[in-house]
Protein chains: 2
Amino acid sequence: MCTAFHNASCLNCQARFGSILFKAEKCNLEEIEAAKVCSIYKKGQVVFQEGAYPFGIYCVNTGKIKLSHCGDDGREQIVRLAKPGDIIGYKALLSAERYTASAIAIDDASVCFIPKDLFMSVLQKDASLSFEMMRIIASELRKAEVKITHLSQKPVRERLAETLLFIKETYGVESDGFTLNVRLSREEIANLVGTATESAIRLLSEFKKDGLIELQGKKIRLLNTDEITRTANLQD
Amino acid sequence: MCTAFHNASCLNCQARFGSILFKAEKCNLEEIEAAKVCSIYKKGQVVFQEGAYPFGIYCVNTGKIKLSHCGDDGREQIVRLAKPGDIIGYKALLSAERYTASAIAIDDASVCFIPKDLFMSVLQKDASLSFEMMRIIASELRKAEVKITHLSQKPVRERLAETLLFIKETYGVESDGFTLNVRLSREEIANLVGTATESAIRLLSEFKKDGLIELQGKKIRLLNTDEITRTANLQD
DNA sequence: ACATTAACTTGATCCTCATCATTGTGCCGG
DNA sequence: CCGGCACAATGATGAGGATCAAGTTAATGT
């Protein structure tokens, strides 16, 4: 399955900057360090599964994770992309319910696990951490609501352009300044946009024909970000 | 505009049970009580407007409030329905950004305003309150993600059925046990479902023909909840 | 290297649903 | 009481996009 080991210190963690956990008071952070377990997941492996009960939260150390709902008909809807420093699995934990989404590694990833009891107790006593958590969740909620609006009002073409920009914003680009720094299948892109795989493919080809992007296998190069933004028709 | 006055005590507030504020420690609650201002909004009046900066949060005392995004083309998308005891406007406040949604009274409503500085300072020191806040926001986020999935995967018919059940769950029914306890225009229902007004009207007529509901002006009676649930095709 | 499967691509078709247009109904002020 | 207006209902039409089908390329294992 996956290799698990204790990480000596969060201070060595690649993702220590930008991680919410570093908003915690020092003593609490040390407590977390002592208890957390770091695991390696290979591309495609499941970190946690929709329907299961949570035993703690996860903090992405390296790699990329997708969080996706499984629709009734089995089609997946990607609701979030997590990068190093992000925590995942907090919603289920906070509401003490089952996971409503699965977390799957897009790349090989290393993810820290923090046991439920510990995290909850730290959260209860560490106002700074819980305040920061709140801000993060609130910001996710904002994004989700915008997405709801766009899903019901914007055509697929605009949403795809928007998604490309979102991917760039999340995972960045390679050293050339153009190539998206993640390899997603066409199906995954479609599930991110909320459309059929064929539609996503077709529109990507159009974008390519229009000189907005360049395609080379799973590599996507955003050649003309301005024009993509215009295509996305964003005004908020 | 609207009548504003200091409410002597939250303890007299109709919405005191079920309100998150009562998770706050007593001394903090008293502080809030002293500072909050209660206002009356008539049906259709705006509590806060998308794009404006927040000066505090609002707690619904009586009445019903809709929270809606305005899409780029001007069409609104209702992202939330608030009832007595609910707090609104917290996302913008927490992230210190502009409102991304407007809050508008569906009914005549009385809403308490709690100034930003006070609320934030209480939040910082009251772990119990901020923990509860977190849970509420996390739960909203869950709902939003499910909605995203359904928007991209379910047909309008199912989503309308789902919305009717959601309205019932949120505002309940009148004493007859069937009539939804809120008057929404067809357009508002459509904006909740995420579809065109005409489509919502058409499907409501179908539901009526199929004996699922009864229509009488803006009154909607859910005659056969089981069958509506089946129509919504929920399995999660 | 080859076989086998998975992922991608393109084309054709169908259907849901948005849009436009028109008529009908309730509601309020004059 | 009646015009005026907003909202509701219904019909006609077309476009966007899902689905099905078939062919192509890339990836994977043996």
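Numbered from 1 within each chain, the chains take letters A, B, ... in sequence-line order.
A rotation axis mapping the C1' atoms of four pairs onto the next four is fitted at both ends of the helix from dA1(C)-dT30(D) to dG30(C)-dC1(D) over five pairs, and the angle between these axes is 50° to 10 degrees.
Within 4.0 Å (heavy atoms only), Arg159(B) reaches no atom of the nucleic acid at all. Residue-level contact check: Thr197(A) touches neither bases nor backbone, having no heavy atom under 4.0 Å from any strand. Nucleic acid contact for Lys218(B): sugar-phosphate only, since backbone atoms but no base atoms lie under 4.0 Å from a heavy atom of the residue.
Relative to the six-membered ring of Tyr171(B), Lys64(B) meets both conditions, a distance below 6.0 Å and an angle of at most 45° to the axis.
The salt bridge (charged side-chain N to carboxylate O under 4.0 Å, His left out) with Glu214(A) is formed by just one residue from the set Lys208(A), Lys219(A), Arg221(A), Lys209(A); it is Arg221(A).
With sequence neighbours left out, the side chain to side chain donor-acceptor pair (under 3.5 Å) criterion links Glu206(B) to Arg157(B).
Looking only at atom types and distance, the side chain of Thr197(B) has no donor-acceptor partner in the side chain of Glu187(B) under 3.5 Å away. For the residue pair Ser68(A) / Glu76(A), a side-chain donor-acceptor distance below 3.5 Å is found, with atom types taken as modelled.
Comparing Arg157(A) and Glu198(A) by the nucleotide of DNA chain D whose heavy atom lies nearest to each, the residue mapping closer to the 5' end is Arg157(A). The nearest heavy atom of DNA chain D to Leu203(A) and to Arg202(B) marks one nucleotide each, and the one closer to the 5' end goes with Arg202(B).
When all heavy atoms are compared, the tightest approach of Asp72(A) to Gln153(B) is N-OE1, 4.3 Å.
OP1 or OP2 of dC17(C) has not a single side-chain nitrogen or oxygen of Ser199(B) nearer than 4.0 Å. At the phosphate of dT19(D), OP1 or OP2 sits under 4.0 Å from a side-chain N or O atom of Arg75(A).
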